[in-house]
Every structure is written in C-alpha cells, then in structure tokens.
Number of protein chains: 2
Amino acid sequence: MQPDLLQQLFINPNNGSAANADEITKIVSIAEAFAHTTRITTDADLEALMQDFQVSKIPDGTMDFASYLNYLNQHVIPHSVNTSSPRFMGHMTSALPRFVSSLGMLITAMNQNVVKVETSKAMTLYERQALAMMHRLVYDFSDDFYAEHIQHSDSTLGIMVSGGTLANIAALWCARNSSLGPQPGFAGVEKEGLAAALNFYGYKGAVIVGSRLMHYSFKKAADLLGIGVNSLVGVPVDENNRIDLNALRETLSDCRARNLHIIAVVGIAGTTDCGSIDPLAEMAEIAREANVHFHVDAAWGGPVLFSERHREKLLGIEQADSVTIDGHKQLYLPLGRGMVLLRDPRAAREIEKHAYYIVRPNSFDLGKRTIEGSRPNTSMMYHAALNIIGRRGYEFLIDEGIRKAKYMADAIRARSEFELLVEPQLNIVNYRFVPAGLRNRSDDTAESSLNDINKRLQKAQRQAGESFVSRTTLHLARHGVERRITALRAVLANPLTTEADIDAVLNEQIYLAADSLTRPHSS
Amino acid sequence: MQPDLLQQLFINPNNGSAANADEITKIVSIAEAFAHTTRITTDADLEALMQDFQVSKIPDGTMDFASYLNYLNQHVIPHSVNTSSPRFMGHMTSALPRFVSSLGMLITAMNQNVVKVETSKAMTLYERQALAMMHRLVYDFSDDFYAEHIQHSDSTLGIMVSGGTLANIAALWCARNSSLGPQPGFAGVEKEGLAAALNFYGYKGAVIVGSRLMHYSFKKAADLLGIGVNSLVGVPVDENNRIDLNALRETLSDCRARNLHIIAVVGIAGTTDCGSIDPLAEMAEIAREANVHFHVDAAWGGPVLFSERHREKLLGIEQADSVTIDGHKQLYLPLGRGMVLLRDPRAAREIEKHAYYIVRPNSFDLGKRTIEGSRPNTSMMYHAALNIIGRRGYEFLIDEGIRKAKYMADAIRARSEFELLVEPQLNIVNYRFVPAGLRNRSDDTAESSLNDINKRLQKAQRQAGESFVSRTTLHLARHGVERRITALRAVLANPLTTEADIDAVLNEQIYLAADSLTRPHSS
C-alpha cells in the first residue's frame with residue numbers, strides 16, 4: 001500500500017475535501033433512490049443471484065470507494081429488499097424516521113465503545129439515562145428511585161443488547177443465576193454449573209415455562225443455558241392465542257410435583273405470529289405465588305405503553321422482574337437495538353464478570369454486567385428518538401398501527417375471497433385466501449389445499465416484488481379439530497402505509513391467485 | 001403528534017430537501033470536529049458529568065432534530081472519548097477508514113434484516129460471500145471447497161455476531177452441542193440439557209481448557225453454557241505469556257482421570273493484555289490427539305494473517321475447528337462486528353433452531369444458525385473493507401503496527417524512567433514507570449509502591465486528557481517470585497500514530513510523574 005493511499009483512506013481532511021462531500025452526496029442519493037423504489041425488490045430469483053456472489057478470494061490490491069459504491073449500486077442494492085416500503089407489510093420493519101441515517105453516520109464516526117468509561121466517558125452516562133427513561137416507561141417508579149439508581153454503578157436498570165434474542169437470553173441468565181445462587185456450602189450455579197446446582201438444591205431438572213407461542217429465541221436460551229430445549233415448557237393458549245391460565249397453574253404444580261426447578265415464567269406482550277398479549281397481571285400473580293421470576297417478552301408490544309388508549313392491554317407488565325423491548329421494532333429505530341429492563345437494579349449482579357484490563361470490580365464500566373463485550377453506542381438512537389418523537393409522537397404511531405390493522409381486518413371481512421383467521425389485538429393481521437370452491441368446507445382435503453394455495457400465493461407475491469406479506473402456521477380449532485393452518489400475515493406498523501396500500505395488497509393477492517393458482521402445481 | 005410533523009419525521013422528500021442536506025452537513029462537521037480535537041476528552045470529572053444525565057422522564061412533546069443535535073454537541077460529544085486520536089493508544093480502537101462513516105449511513109438507511117432472505121435477499125448472499133472471504137484467509141481450502149459451500153444453505157462457513165464475546169460463546173456452544181450430541185437413547189444436550197448429557201455420557205462434569213490469559217468472555221461462556229466459571233480451567237503460561245504445553249497436556253490427562261468431559265481447548269492469537277500468541281500448531285496437535293474441539297480466539301490477532309512477514313506467528317490456526325475474529329479491531333471497522341469461522345461447514349447444525357414464521361427448515365435464512373435473531377447488515381463493512389483495502393493494504397497496516405510497537409519498546413528501553421515488562425510479540429506494549437529511588441529494587445515494598453505509582457500515573461494521564469494508555473495487572477516472575485505487577489499498556493494499531501506521538505506519550509508520563517507523584521497520595 002502506498003503511504004498516500006493510506007492517507008487518503010484514513011485521514012479526514014480538515015477542510016472537508018470534495019472527495020468526502022462527493023461520497024456523502026452519492027450515498028445519500030443511493031439511499032434515497034432505494035427508499036423511493038416503488039418495488040419491494042427485483043424479480044431476480046435467489047438462485048440466479050447466487051452467481052454474482054461466488055468470489056471467495058480477498059483481492060490483493062486496493063479499490064477506490066467510488067468504484068465499490070458503483071458495484072454495490074449495480075449488483076447488490078437493487079436486489080436487496082425495501083423494508084421501509086409502505087407495501088412491505090410482512091415483517092416487523094417500517095419506514096424509519098429520517099434522522100436515524102444521519103445518527104448512524106455519527107455513531108459510526110465517533111466509534112465509542114460503551115463497554116467501559118475509558119472509551120466512552122459521557123456516553124456511558126448517556127446510555128444509563130436512556131435505559132432509565134425506558135425503565136420508567138415500564139415501571140414508573142418514584143423520582144427518588146431514579147435519582148438513586150440512574151447513575152449508580154451498583155445499579156443496572158437494564159442491559160442494552162443487539163436485539164431481542166440476546167435480551168431474552170440475558171433475562172433468563174439473570175433468572176437462572178439468581179434462583180440457583182450461592183448458599184452456605186455452594187458457590188452458586190454461576191461458579192459451579194447447572195448439574196452441581198440441581199444436585200445441591202435437590203432438583204431433578206430445571207424448566208422455563210411460557211405459552212407455546214414463545215418466540216424461538218427461548219429455544220436458544222433453553223439450549224444455551226444448559227437446561228435443554230425440551231425443558232422449555234409450552235403451555236396451551238386460548239382461542240385468542242393468550243396463555244391458558246389454568247393450564248399454566250397446572251403446569252407449574254406439575255413441575256413442582258416432578259421436582260423440577262422453575263427458572264422463569266414467560267409472558268408475551270405481542271406474539272410474533274399474531275401480536276396477541278398474554279394476561280400479564282394474572283401471570284404476575286401466579287409467578288409471585290410460586291416465587292418464580294416473571295419475564296415479559298415485550299420485544300414487539302412494549303411501546304404500546306405509550307398509548308393511553310391501548311396500554312391497559314399490557315397491564316401487569318410493571319410487575320415483571322424483567323422485560324425485553326426491541327428498539328428496532330415499534331420504537332422505529334434501525335436494526336441492532338434491543339434491551340432488557342430489570343425491575344430490581346441489583347438483579348444483574350448475578351452475571352457480573354471482571355478482568356484486569358477492563359471492567360475492574362470498582363469501575364463504572366457498563367461491561368461488567370452485559371452479555372456482550374465491546375459494543376457500539378446504540379443508545380444514541382434511543383436517546384434521540386425518545387426526545388425527538390416524544391411520548392405523544394409514539395402514542396400517535398402506535399394508535400395508527402392498531403387503527404390500520406382494524407381497517408385491514410374489516411377489508412378482509414368485506415372480501416369474500418379471504419378469511420380473517422384471528423381478530424387482531426394489536427397491529428398484526430392473520431388471514432388466508434379461500435377460493436370460491438373451497439368456502440364452507442372443513443374437511444382434511446380442503447384444509448390441505450388451502451394451506452398449499454396460500455403458501456404458493458405468498459411466494460408468488462414475494463417473487464412479483466410489488467408488495468409483500470409474510471406467512472406463518474397457526475394452530476387453530478376448526479369445528480372442534482385443531483388444525484395447522486397456513487396464514488398470510490401482515491404487520492401494520494409503517495406510518496407511510498395508507499388504507500389504499502392495504503387495499504392494493506389484498507387486491508394484488510386476488511389478482512395473483514386468479515392468475516397463478518389455476519396453473520399447474522409446479523408454477 | 002401533528003400529521004405534518006409525522007411527514008417531516010418519516011418522509012424523505014424526493015428532491016432531497018434543504019433540511020436533510022443541512023442535517024447531513026451539520027453531522028459531518030460535528031464528526032470532523034470531534035475527530036480533529038487534539039485532546040482525547042475534556043478534563044471534566046465523571047462524577048461532575050453525572051449531573052447532566054439525571055432526567056429519567058420521556059418528554060411528552062417533540063423536539064426538532066437540529067435542537068437535539070445542538071444538545072448532543074454541547075453536552076455529550078465533547079465529553080466523549082476521541083478513540084481515533086493518534087495519542088489514544090490505550091485500547092483496541094483506532095482511526096477508521098473514512099468510507100466507514102458513509103457506509104454506516106447507508107446500512108442504517110437500508111435497514112436490511114439478514115436474519116432471513118425475505119428482509120435482505122441479495123444481502124444474505126453478500127454476507128455469505130464476506131464470510132467465505134474471511135474463511136479463506138484462515139483456512140485457505142480449495143476452490144472446489146468454496147464453490148460447494150459459499151452459497152449452500154446447508155453450509156455455515158461462519159456466524160456473524162455483534163462482537164468477539166458472542167463469537168467465543170457461539171463457538172463453544174457449537175463445541176458443547178457437537179461433543180454431547182444425540183446418540184441412540186439420548187436426544188443430545190441441545191434437547192435434554194447438560195445434566196442429562198453428563199449423566200448419559202457418564203461424565204462427572206465438563207470443562208473448557210485454555211491459558212489463564214483467556215479473555216473474560218470465556219467466563220461468560222462457561223457460565224452461560226451451564227458448566228460454571230469454575231470449570232474454565234486456566235493453564236499456566238511461560239515467560240512469554242504463551243500457554244505451557246506440558247501443563248496443558250497434564251491438565252487434559254488430569255481432566256480425563258477425573259472423568260471430566262473436555263468441551264474445547266482454547267488457543268489465543270493475541271492476548272488482550274499483551275498480544276501474546278499461544279503455540280497454536282502444537283495445541284492443535286494436542287487437541288486432535290485428545291479428540292477435542294480446538295477453538296482459537298483470534299479476535300485481536302487474526303488479521304496478522306495478512307502479513308507475509310508475521311503470519312507464521314499464527315501457524316496452526318488453520319487447524320482450529322473454530323476461530324473468532326473481530327472486525328472492529330484489526331480490520332479497522334467500527335464497533336459491533338465480530339465473527340466465528342467454522343472449519344466444518346456443518347458444525348453449526350448443532351445449534352440450529354426453527355420457527356413457523358421465519359427460519360423454516362428448508363429456508364435459506366441465515367437466522368437458522370446464529371446466536372442472535374434479527375440483525376443489521378454488518379457484513380457490508382467487511383465486504384467493502386476487504387475489497388477497498390485489500391490484502392496488501394491490510395498487510396501494510398499490520399506490519400506498521402508491529403513496527404511501531406518495536407519502536408516503542410526501544411523508546412522505553414532508551415529511557416531510564418521506564419521498564420519494559422514484556423517483549424511485544426505483536427503490537428501491544430506493557431511497561432511501567434520506575435522512579436529513580438526504586439530502580440534495582442525487588443522487595444515487596446518497592447513492588448507495592450510501583451504498582452501504586454503506575455495506577456496513579458495512568459489515572460493522571462487519562463484525567464489530563466491529552467493522551468491515553470491503559471493499565472492492566474500482569475503476573476510476572478521477578479527474581480523467582482511471581483508478582484502481580486501493574487502495567488501500563490499501549491496498543492499500537494492506529495495508522496495515524498507517529499513515532500513522535502509515541503515519544504510524546506512517554507514524555508508526558510515522565511512529566512506527569514514528576515509533577516504529581518511527588519505530591520501527597522490523595523492527589
């Protein structure tokens with residue numbers, strides 16, 4: 001490498017040279033063009049695209065950034081997915097507030113490492129503040145409580161992580177370590193491990209209990225934490241996809257009877273499938289009576305707390321020992337942002353780790369009590385958004401999503417081609433296409449055909465690239481028989497999505513169904 | 001919230017309105033001013049700064065972005081840490097290539113979710129390509145190997161994660177699940193848990209073995225995975241801080257004798273303290289003979305493979321079953337970027353998880369075999385940097401860091417005020433300040449004074465804010481006695497750091513020592 005190329009690569013000229021400004025202008029125009037594409041993606045087939053991503057050798061020489069941007073812009077970006085499109089309503093992405101792109105640049109440029117004070121200083125305090133603001137949204141403790149804990153290094157109001165999966169894992173890690181902690185003659189599960197802990201406490205095994213609609217990250221948690229996926233106990237749900245409280249009580253006493261340690265009871269505030277919310281207040285009471293950690297996975301639904309009208313749906317969340325919330329879902333932030341909030345500011349002490357070079361015992365370093373180590377300053381997005389959008393702004397966004405989901409449910413009911421599968425509690429709509437010939441039938445053959453038709457319809461729409469909904473499998477009672485039903489799934493969280501967009505997505509499905517479903521199976 | 005404010009927040013005007021351009025100009029100027037501050041940070045005390053971060057209530061109303069930026073620029077950014085300063089040589093941060101800030105904006109704006117194809121499409125293939133390029137850097141298998149695996153959904157050449165801690169955890173997770181996998185009559189540790197696995201296989205416990213200089217993330221891994229921190233076995237090191245191979249052999253046979261299952265042997269390619277590299281080839285052989293997973297933590301040292309001159313230091317890494325590399329360390333990328341590379345493309349199958357709504361068994365979704373769930377497209381930074389900087393560019397950067405470390409070691413030896421504590425193998429230098437009165441003494445009192453003096457010196461330098469080295473505690477033999485020695489620790493990875501900067505940092509220490517160390521202890 002030439003020294004001058006090194007200069008060019010690493011030195012930001014003091015005068016903001018033209019090259020730099022050109023690059024930024026180019027990036028902004030690429031990002032804007034991408035956001036304004038009317039299509040979701042090209043109709044290029046994934047298999048065909050693979051041919052463009054076969055090189056495994058790192059080039060010897062250098063490439064200038066402008067050439068690389070041209071490569072990206074020609075071969076990669078057009079075949080990416082416009083997750084912010086008003087007609088991309090299949091997953092938990094949305095248009096983002098404009099300011100986040102600029103902040104993304106600032107976070108990258110400042111490159112603070114919030115694992116420790118020495119590489120972040122004020123940003124450590126700033127992250128603690130953002131966590132306290134979110135903590136207060138959920139728990140709303142007294143001014144005195146926050147004055148005591150917000151900047152106290154013994155206190156951990158929450159743990160920032162890269163996403164909800166790690167948040168759930170971190171919460172259950174705290175729960176496992178607290179509930180199988182040190183005792184006279186035993187150094188605790190953290191030091192001695194799970195087998196020794198079960199042996200010391202006299203348990204035959206350990207379980208995590210929640211509705212069978214728990215997110216798949218709980219499988220990862222059960223596996224990682226050493227209890228095994230089979231010890232993740234999925235309790236049946238009622239017809240509204242909420243945990244069956246009697247079944248939960250029975251499960252807990254069954255576990256007790258079988259001498260199984262219950263690490264946590266998990267409540268869900270917004271299932272991934274259909275957005276249903278467990279009866280959290282009742283679950284909190286059951287968990288408290290059983291003296292078990294109560295975790296609420298509110299990765300999706302947490303921000304509903306901003307809505308005066310809908311927040312009662314989450315009643316009981318304030319009794320949870322830990323709560324997962326994802327910034328990149330209904331806080332409208334870019335990906336890479338999750339957190340777990342902790343009711344007891346000392347709960348994370350059970351996972352604390354130290355080293356000589358950083359996170360020393362007396363330090364103020366955040367990295368003492370996190371699952372990740374070195375971390376970017378993701379809290380800037382939270383802190384900014386909470387201030388810029390504010391409570392009333394978020395309330396408006398939440399209320400709008402729920403209103404639009406109701407609109408879509410009505411639009412589905414109004415079209416004989418569709419069947420609404422679940423009455424939406426929040427802003428996720430599950431439905432399916434039903435051709436005329438299969439309406440009012442409930443036999444196995446018809447159900448099997450419907451599943452097949454809806455799978456093909458979802459694929460055809462995705463492939464066409466004009467709009468997008470996702471699909472899932474629901475277990476629904478039909479005429480007294482539980483069936484696995486393939487559902488189309490729409491997530492209504494994008495502020496740019498209009499009622500006309502919703503109609504267009506449904507009408508495209510009717511059109512695609514008529515067009516393709518009459519063709520042979522292989523189409 | 002007013003609908004027009006919503007528009008303003010979420011809609012990127014097609015014509016790239018002035019407001020947007022203004023914002024970006026403002027951000028660029030803030031980022032440039034920050035990067036060009038000569039100081040590392042202000043001399044404001046952390047305790048005093050806390051007063052500025054006490055608000056825990058989320059405001060009701062909205063705030064415009066320009067006002068928020070002003071707040072950031074006045075109250076937060078100046079008190080952050082200029083981790084890219086040429087005189088910030090205390091931690092594993094550096095100046096970054098200029099293009100990463102622009103890419104940071106693009107990644108944020110595109111908001112691809114690489115957990116699944118439906119929210120990333122080409123970006124899934126692109127991430128697989130970036131992983132293959134890094135895999136080839138380490139393993140350099142045949143063209144045929146890469147042609148087969150690079151875009152094959154059954155193959156996992158590596159797992160992208162937010163950082164090295166998760167990479168190490170993911171590697172050991174794979175190792176644990178593979179080595180205690182399903183057998184006739186047993187569904188495997190993944191399903192049945194650790195206690196059942198130990199019971200089925202007839203082990204009394206399970207351990208992870210590596211040198212006692214393993215990064216603290218291995219404590220997290222041992223805790224999380226359920227074996228307990230006490231089952232992380234730290235083997236002694238030789239005078240060069242490399243694992244003692246005889247002690248390793250003894251430890252392994254001792255574990256066997258005690259009927260303990262060895263999940264993995266961990267080699268270190270660049271200890272955090274002093275950059276020492278374990279004898280990887282010999283360790284690989286020992287692990288192979290013992291039929292144990294061999295993991296190499298090359299979070300820091302991995303990119304030394306780019307250097308024709310120094311890569312032999314890592315000989316044996318290509319025999320590792322898994323290798324951790326951090327993009328945000330010596331690949332000069334911003335924080336939030338780690339990966340584990342897997343020798344066997346099927347190894348990650350042991351941690352595979354599914355759900356109805358995504359990562360279905362037959363899908364091409366990357367999220368099937370990762371520790372995180374929804375994830376940002378962090379691979380763009382890798383892919384871009386590998387192409388833009390290239391092998392020769394990285395080689396130059398690596399060689400320069402090692403050359404400068406040698407310069408610093410010589411500069412320390414040339415100054416009677418300092419003692420070089422460890423001969424640097426890579427680019428990390430450990431040394432200490434020794435006042436004239438304490439030279440050539442080795443009694444307890446002198447050693448204790450030296451530790452205290454160096455602690456105070458490091459703090460004084462950090463507080464002054466002009467330059468920065470970190471500190472750690474080394475266990476070094478001194479006249480036949482092992483002592484805990486407080487070391488100053490410099491990391492020479494910043495391409496902008498000159499020999500003059502190195503001299504300036506040392507001279508400032510001499511100045512600060514003369515100035516402050518003569519004052520009473522409380523200073």
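Chain identifiers are assigned alphabetically (A, B, ...) following the order of the sequence lines, protein sequences preceding nucleic acid strands; residue numbering begins at 1 within each chain. Please read these numbers as outputs of a predicted model, since none were measured by experiment.
Among V100(A), L198(A), T272(A), L103(A), the residue making the largest number of heavy-atom pairs under 4.5 Å with chain B is T272(A). When each of R375(B), H79(B), E190(B) is scored by its heavy-atom pairs under 4.5 Å with chain A, the top score falls to E190(B). Ranked by non-hydrogen atom pairs under 4.5 Å with chain A, the options L49(B), V76(B), L137(B), T119(B) are led by T119(B). Chosen from K57(A), R489(A), H354(A), the residue pairing most often with chain B at heavy-atom distances under 4.5 Å is K57(A). Contact tally against chain B (heavy-atom pairs below 4.5 Å) for P334(A), S374(A), A122(A): the top residue is A122(A). Contact count versus chain A (heavy atoms, under 4.5 Å) is highest, among I107(B), L46(B), I30(B), for L46(B). Between chain A and the options H215(B), K26(B), H328(B), heavy-atom pairs under 4.5 Å are most frequent for H215(B). Of all the listed residues (M110(B), K219(B), M123(B)), the one sharing the greatest number of non-hydrogen pairs under 4.5 Å with chain A is M110(B). Of the listed residues (M92(A), Q54(A), E118(A)), the one with the most heavy-atom contacts under 4.5 Å to chain B is E118(A). Between chain B and the options P78(A), G336(A), S102(A), heavy-atom pairs under 4.5 Å are most frequent for S102(A). Residue with the most contacts toward chain A among I351(B), T41(B), L125(B): L125(B) (heavy-atom pairs, distance under 4.5 Å). Most heavy-atom pairs under 4.5 Å with chain B, from the set V117(A), L194(A), D326(A), N230(A): that is N230(A).
Neither the backbone nor the side chain of S29(A) comes within contact range of chain B; no heavy atoms are under 4.5 Å apart. Contacts between I58(A) and chain B at a heavy-atom distance below 4.5 Å involve backbone atoms as well as side-chain atoms. For L386(A), the parts sitting under 4.5 Å from any heavy atom of chain B are the backbone and the side chain alike. For L106(B), the parts lying near chain A are the backbone and the side chain together; criterion is any non-hydrogen pair under 4.5 Å. Of the two parts of K116(A), only the side chain, counted from C-beta on, holds a non-hydrogen atom closer than 4.5 Å to a non-hydrogen atom of chain B. Interface residue S120(A): only backbone heavy atoms are found under 4.5 Å from chain B. Looking at Y68(A), the atoms closer than 4.5 Å to chain B (heavy atoms on both sides) all sit in the side chain, from C-beta outward. Using a 4.5 Å cut-off between heavy atoms, L166(A) contacts chain B through its side chain alone, with no backbone atom that close. Proximity to chain B is limited to the backbone of V189(A), based on heavy atoms less than 4.5 angstrom apart. Of the two parts of F65(B), the backbone and the side chain both hold a non-hydrogen atom closer than 4.5 Å to a non-hydrogen atom of chain A. With a 4.5 angstrom heavy-atom cutoff, N199(A) does not touch chain B via any of its atoms. Interface remark: I169(A) contributes side-chain atoms only to the contact with chain B (heavy atom separation under 4.5 Å). Of the two parts of R471(A), the backbone and the side chain both hold a non-hydrogen atom closer than 4.5 Å to a non-hydrogen atom of chain B. Looking at L474(B), there are no atoms closer than 4.5 Å to chain A (heavy atoms on both sides), in backbone or side chain. With a 4.5 angstrom heavy-atom cutoff, S80(A) touches chain B via backbone and side-chain atoms both. When heavy atoms are compared at a cutoff of 4.5 Å, N177(B) approaches chain A solely by way of its side chain, counted from C-beta outward.
Note that the CZ atom of F364(B) and the CZ atom of R128(B) stand 4.5 Å from one another [nearest 0.5 Å]. One finds the CZ atom of F99(A) at 10.0 Å from the CG atom of L69(B) (value rounded to the nearest 0.5 Å).
The closest side-chain heavy-atom distance from L335(A) to T108(B) is not below 4.5 Å. By the 4.5 Å heavy-atom criterion applied to side chains, K121(B) and T42(A) are counted as neighbours. Side-chain contact between N113(A) and H91(B) is absent, with no heavy-atom pair separated by less than 4.5 Å. In this structure the side chain of L9(B) reaches within 4.5 angstrom of the side chain of I388(A), judged on heavy atoms. Contact annotation: the side chain of I389(B) approaches that of L397(B) to within less than 4.5 Å [non-hydrogen atoms, C-beta and beyond].
Residues satisfying the side chain to side chain donor-acceptor pair (under 3.5 Å) test with E395(B), not counting sequence neighbours, are R392(B).
Between the side chains of S84(B) and N82(B), at least one donor-acceptor pair of N or O atoms lies under 3.5 Å. Side-chain N/O atoms of S56(B) and R136(A) include a donor and acceptor closer than 3.5 Å. Between the side chains of T472(B) and D273(B), at least one donor-acceptor pair of N or O atoms lies under 3.5 Å. For the residue pair Y146(B) / H135(B), a side-chain donor-acceptor distance below 3.5 Å is found, with atom types taken as modelled. For the residue pair E372(A) / S162(B), a side-chain donor-acceptor distance below 3.5 Å is found, with atom types taken as modelled.
By the 4.0 Å N-to-carboxylate-O rule, D223(B) lies too far from K191(A) to be salt-bridged with it.
The backbone N or O of P59(A) sits nowhere less than 3.5 Å from a side-chain atom of N387(B) that would complete a donor-acceptor pair.
Between Y332(A) and F10(B), the distance from one ring center to the other falls under 6.0 angstrom.
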